[in-house]
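Notes follow the structure.
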Amino acid sequence: MTAVTRFAPSPTGFLHMGHAYSALFAKSAAKDGRFLVRIEDIDRGRCRPAFETAIFEDLAWLGLQWEAPVRRQSDHFAEYGEALDRLDKRGLLYPCFCTRADIQREVAEAASAPHLITHGPDGPIYPGTCRHLSKSEQHRRRDAGTPYALRLNMAEALAIAGPLTWCDETHGIVAATPEIFGDVVLARKDITASYHLACTWDDALQGVNLVTRGEDLLPATHIHRLLQALWDLPVPHYRHHALLTGPDGKKFSKRDQAPTLRALREAGKSAEDVLAEIKVRE
Ligand code: GLU
């Protein structure tokens, strides 16, 4: 089967060596198949057009070629809305009006009951407060203009989907445990989508059959696998790669002020220098 891979950066800053590694990893995993670039810019408050332009310049400088057209997620909010509707129609979503402070307070209270698991890969697990609101209370708050997120009712979703696995080319067959996230947010208060929603939807829509990305995103795959089951989407293979570390042993993606490809270029480095540096660090 022809491999279809993608590199899916968010234009929130300039690309650094960690991104270069990830992009090259995806390109090489495609072999003689198709390599796509997707701009994940649903968080418009943090994304900038100048960073998007810079992504294309930097990838071209590295010698990468990708297929046109590039999918830009901020052009597709209507589609993400339809994807949400599909889940809503099956009663799998509920509006959550809680503020961050509400959640922190509830989690702190729940933490005093030691048998409860209160933290997941993304931080505190939502204690489910708004899951119990009546329909009329939901309407009352919506009508009053109280901002809300949309959460997935995890227990219901799991009951429908049943046990799931995915094939990770690094880790083998992995049993999906999306419940470690609790009732995950699928549409944020300020953005009518979320990374999990848009990424899962787009990977299927674009025919990506091999998802490559850093292992920091491995836990996210548990949710993506569940969403694929709920939407009845094809299931790609996954290959999560270790994160590239700098000379100080710290991960590029986690470092503040990691040198950008742009800065390296301006300092006189060639693309070959960067590629050689990546080979050494791999
Ligand atoms: N947009 C994500 C990031 O920049 C990558 C998402 C993915 O590869 O699934 O970290």
Side-chain angles (χ1 to χ4, degrees), residues 3-30 34-49 51-56 58-59 62 64 66-67 70-77 80 83 121-122 166-171 174 176 178 181 184-186 188 191 193-228 233-244 251-256 258 260-261:
V4 184
T5 68
R6 71 351 180 236
F7 174 57
S10 297
T12 52
F14 292 120
L15 300 186
H16 51 63
M17 294 271 284
H19 293 112
Y21 175 57
S22 207
L24 289 158
F25 190 92
K27 173 75 179 169
S28 106
R34 300 169 54 208
F35 170 63
L36 314 176
V37 172
R38 183 168 72 229
I39 299 296
E40 299 210 326
D41 62 344
I42 56 171
D43 190 345
R44 281 148 130 180
R46 293 179 58 225
C47 295
R48 301 275 175 275
F51 291 136
E52 182 182 317
T53 308
I55 286 171
F56 299 127
D58 290 348
L59 294 179
L62 286 172
L64 285 170
W66 58 94
E67 258 185 36
V70 167
R71 185 170 169 93
R72 185 191 293 118
Q73 291 189 324
S74 61
D75 294 335
H76 299 281
F77 279 110
Y80 304 138
D122 279 352
W166 81 80
C167 176
D168 190 304
E169 295 186 354
T170 316
H171 301 275
V174 182
F181 286 87
V184 70
V185 168
L186 291 186
R188 287 169 40 171
I191 306 170
S194 70
Y195 159 63
H196 298 305
L197 172 114
C199 174
T200 308
W201 187 259
D202 285 352
D203 279 337
L205 184 102
Q206 296 188 283
V208 173
N209 56 20
L210 176 58
V211 172
T212 64
R213 57 186 171 208
E215 65 188 4
D216 53 332
L217 286 170
L218 185 115
T221 308
H222 291 284
I223 296 176
H224 300 187
R225 180 66 192 90
L226 174 61
L227 291 175
Q228 286 152 5
L233 299 176
V235 184
H237 275 206
Y238 289 85
R239 199 179 295 166
H240 292 94
H241 60 73
L243 298 183
L244 201 68
K251 290 165 182 154
F252 274 103
S253 56
K254 293 280 188 297
R255 269 156 30 125
D256 295 327
T260 63
L261 297 178

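Just follow the structure's listing: the first ligand is 1, and inside any ligand the first atom is 1. Position 1 is the first residue of the sequence, and the numbers go up from there. From a predicted model like this one, the values you see are computed outputs, not experimental measurements. Only this structure's heavy atoms are used, side chains among them; waters, hydrogens and symmetry mates stay out.
Within 4.0 Å of ligand 1, protein heavy atoms come from R6, A8, P9, S10, E40, Y195, C199, R213, L217.
Exactly one of L186, D202, I191 qualifies for a side chain to side chain contact (heavy atoms under 4.5 Å, CB included) with Y80. That residue is D202.
Note: F25 and H241 have tilted aromatic rings, judged against thresholds of 30 and 60 degrees for the angle between ring planes.
Counting only residues at least two apart or on different chains, the salt bridge (Lys or Arg N to Asp or Glu O under 4.0 Å) pairs with a member in residues 5-29 are R6-D203.
The ring-ring contact (aromatic ring centres under 6.0 Å, His included) test applied to H19 returns H16, not counting sequence neighbours. Checked against side chain to side chain donor-acceptor pair (under 3.5 Å), H171 has no partners two or more places apart in sequence or in another chain.
Counting only heavy atoms from C-beta outward, the side chains of R71 and L36 never approach each other to under 4.5 Å.
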